[in-house]
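FYI, side chains are in, hydrogens and waters are out, and symmetry mates aren't considered; it's all heavy atoms of this structure.
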Amino acid sequence: MGKGSENGVSEVFEVHKSEELGRYLVAARDLTPGEVIVTELPLVFGPKAMIDPEASMPCVGCYKPVFTDIGERCSRCGWPVCSGNCPGLKDPRHHGLECDILSARPECVLDNMAEYYRHDALLPLRCVLLQNTNPEKWRQLLELQSHMEYRIPGSDLYDEADEFIVEYLINSFISKLEDSIKKKYFKEISKELLHRMCGIIDTNALEIRLPGGSELNALYATTCLLEHSCIPNTKHVFGLFTKDKSELYRITLKVVVPIMKGHHIATMYSHALWGTQARRQHLKDTKYFTCKCQRCSDPTELGTYLSAMKCFGDDKGSCDGIHLPEDPLDEETDWACSKCTVKVNNSQINMLISQMGEEVENVQMMGGSVTMLENLLCRLSTFLHPNHYHLYSIKHSLVQLYGRQPSYMSGEILDKKIKMCKDLIAITTTLDPGNARLSLYSAVLQHELHSALLLLSKKAKSDGSIKTIDEIIPLLSEAKLSLDKALASLKDDIEETSGKKLYEVIESSKKEFDKYCKEKKINI
């Protein structure tokens, strides 16, 4: 049985082991939402390369973005830094140890810098540096799964890691080290060991998004043991804004829905708003297993129909049925209509969904206008169930545009927005009842629902369709409830940048709403 944390949280989980799952966690007793399962500091962490490394890179000491071509450099190893006085440059948890290794190649360059300074290689290096600097963390690290059986020479995963990380570290730095430096930092250093570190990172690392746009990967001894489920019963949050630097990147894992004694404790490694085939393929490609959870096993995805298609029909036309996979756990399954005999093979479905996904992505990337989004929604609705995840994405964008411009503030538009918000909220709540993965989506939808209800009540009062204040109280009561739900869904997200910003926006709306009700002498 395992302790909940270093902080003395009661024993709430047990570590079990199976051939299929490896090590995993089960509840040692009945657990209720809000309980902390574990809180722990990372074994090791390191920066990821930024989206456009030729333009900006993370400082190796504190990870703030710095301009690639004009930023300062570490005086010893030459890697980009925010300042020569950055405290992280001497901190052993950040750049302090690795600098000795990276200094084996002291020369700086200004051309092709993304190739020269590969930040994704720093975490594997920091992992192997634990051998001598922290043997206990090194022991815990080696207990994590690496899935090397899937990363054999010649595989894409092996070849990519070999070129961009392993050979890079060995040829650029490790082979140039003096024997005394090697002996000081490594008990063992080899291609095989570095490949194993890459496997451990790919299998177990959690992504931390920092203020400013940079990202880290971090490894946690206990949290990494959580198995996957597409219906997670836990949520993890990171401490990013702590003043205590010894608490940096602490993770806290909380229960979000009741977990009965003996039941598995699970998180989610994929996107909750992807359809079953997309989720299962992503997990197979990145985590080396095929998910068979309750949601994946259900063709309707818990009654949401998130992947469902409208009937394709035959030469005689189509009916009003829907196509669902006959066996969602079979990658080659046919999709059968619920009302007629028409079947469609899986490859046709995949091709169509992929093409539609590209269309949705292109429109979203262009910052799609209401007209563009509505046209795309209308076109794709010919083929897709109204709840399909591609349509969810379009509608989620539309509800944030309706009611923002004079031409989209009519009563008809506001009614459409309210219905759209409620439909999306129903899907979101079904797929993620504990706000483990979709809390920001839920908060946005509840906030937009509040906005539409408030605008509709004001419009009804001004155009005379409602004569008395009492008649708009139901609308305002619902608007207030939506605000409360939006804030509640973000209660575990205010330590992270995006959650904090959204919380502040909704808090501001709450103050404006309270002020409006006070001015109108409305008691809600």
Side-chain angles (χ1 to χ4, degrees), residues 41-49 58-61 63 73-81 88-108 115-149 151-153 157-205 216-221 224 248-249:
L41 294 170
L43 297 172
V44 60
F45 52 82
K48 295 176 65 176
C59 166
V60 286
Y63 319 116
R73 300 284 184 265
C74 174
S75 60
R76 294 186 60 217
C77 68
W79 280 62
V81 297
L89 299 185
K90 295 183 179 179
D91 190 324
R93 297 171 303 167
H94 300 280
H95 188 60
L97 295 176
E98 68 194 27
C99 190
D100 272 0
I101 311 302
L102 302 179
S103 296
R105 187 196 66 178
E107 61 273 14
C108 297
E115 292 293 317
Y116 200 72
Y117 299 110
R118 292 181 180 167
H119 289 78
D120 287 347
L122 295 181
L123 183 53
L125 176 59
R126 291 182 183 184
C127 286
V128 293
L129 285 170
L130 291 175
Q131 291 178 79
N132 286 351
T133 59
N134 198 318
E136 175 56 22
K137 285 187 176 181
W138 177 244
R139 181 193 66 77
Q140 292 176 295
L141 186 69
L142 292 179
E143 288 183 347
L144 300 179
Q145 284 188 326
S146 63
H147 286 300
M148 293 309 294
E149 67 273 21
R151 305 173 66 91
I152 58 175
L157 290 166
Y158 181 95
D159 291 347
E160 185 176 336
D162 198 59
E163 177 182 357
F164 294 110
I165 294 177
V166 177
E167 291 289 346
Y168 171 73
L169 286 173
I170 288 176
N171 295 337
S172 300
F173 309 105
I174 294 168
S175 64
K176 299 179 180 182
L177 292 173
E178 297 178 5
D179 289 341
S180 59
I181 298 293
K182 276 188 185 179
K183 188 174 181 181
K184 178 181 177 182
Y185 287 113
F186 307 117
K187 283 187 172 67
E188 174 194 351
I189 187 67
S190 64
K191 283 188 63 171
E192 291 72 23
L193 187 63
L194 288 170
H195 270 291
R196 184 177 176 186
M197 295 303 105
C198 293
I200 287 172
I201 292 165
D202 285 353
T203 305
N204 300 282
L216 300 180
N217 273 332
L219 294 166
Y220 295 85
C224 287
L248 206 58
Y249 313 133

First locate atom [atom1] of [X], then atom [atom2] of [Y], and finally report the distance between them rounded to the nearest 0.5 Å.
| X | Y | atom1 | atom2 | answer |
| --- | --- | --- | --- | --- |
| Cys74 | Lys90 | SG | NZ | 10.0 Å |
| Leu97 | Asp91 | CG | CG | 9.0 Å |
| Tyr185 | Asp100 | OH | CG | 3.5 Å |
| Leu141 | Leu43 | CG | CG | 6.0 Å |
| Cys198 | Tyr158 | SG | OH | 10.0 Å |
| Asp159 | Glu167 | CG | CD | 11.0 Å |

Please say whether the positively charged group of Arg93, taken as NZ for Lys or CZ for Arg, lies over the ring of Tyr63, i.e. under 6.0 angstrom from the six-membered ring centre and within 45 degrees of the axis.
->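 No cation-pi geometry.
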Begin from the C-alpha positions of Asp120 and Phe164 and carry the test side chain to side chain contact (heavy atoms under 4.5 Å, CB included) through to its verdict.
-> CA-CA 8 Å; Asp120 287 347; Phe164 294 110; over 6 Å; no
Tell me whether [X] contacts the main-chain N or O of [Y] through its side chain, where contact means a donor paired with an acceptor under 3.5 Å.
| X | Y | answer |
| --- | --- | --- |
| Tyr168 | Arg118 | yes |
| Tyr220 | Asn204 | no |
| His147 | Thr203 | no |
| Arg105 | Cys77 | no |

side-chain contact (heavy atoms from CB on, under 4.5 Å) with Leu123: of Ile165, Ile200, Ile201, only one passes, and it is Ile201
Does [X] have more than 12 heavy atoms from other residues, nucleotides or ligands lying within 6.0 Å of its [atom1]?
| X | atom1 | answer |
| --- | --- | --- |
| Lys176 | NZ | yes |
| Glu149 | CD | yes |
| Lys183 | NZ | no |

Given Leu102 and Val60, is the side chain to side chain contact (heavy atoms under 4.5 Å, CB included) satisfied, shown in steps?
-> CA-CA 11 Å; Leu102 302 179; Val60 286; 5.7 Å; no
Look at the aromatic rings of Phe173 and Trp79 and report parallel, tilted or perpendicular, splitting at 30° and 60°.
->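 The arrangement is tilted - the two ring planes meet at 30° to 60°.
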Please find the pair of heavy atoms, one from [X] and one from [Y], that lie closest to each other, and give the distance.
| X | Y | answer |
| --- | --- | --- |
| Asp162 | His195 | OD1-NE2, 2.9 Å |
| Met197 | Cys127 | SD-CB, 3.5 Å |
| Arg151 | Ala161 | NH2-CB, 4.0 Å |
| Ala221 | Leu144 | O-CD2, 4.1 Å |
| Gly199 | Met148 | CA-SD, 4.4 Å |
| Pro124 | Leu169 | CB-CD1, 4.4 Å |

May I have the step-by-step check of side chain to side chain contact (heavy atoms under 4.5 Å, CB included) for Gln131 and Leu193, ending in yes or no?
-> CA-CA 11 Å; Gln131 291 178 79; Leu193 187 63; 3.9 Å; yes
Flag for Glu98-His95: side-chain donor and acceptor within less than 3.5 Å =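 On atom types as modelled, these side chains qualify, holding a pair under 3.5 Å.
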Contact between [X] and [Y] at the side-chain level, heavy atoms closer than 4.5 Å - yes or no?
| X | Y | result |
| --- | --- | --- |
| Asn132 | Lys184 | no |
| His94 | Leu89 | no |
| Phe186 | Leu177 | yes |
| Asn134 | Leu129 | no |

Test Arg73 against Val81 for side chain to side chain contact (heavy atoms under 4.5 Å, CB included), laying out the working first.
-> CA-CA 5 Å; Arg73 300 284 184 265; Val81 297; 5.5 Å; no
Ionic contact status for Glu192 with Arg196, cut-off 4.0 Å |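 Glu192 and Arg196: not salt-bridged.
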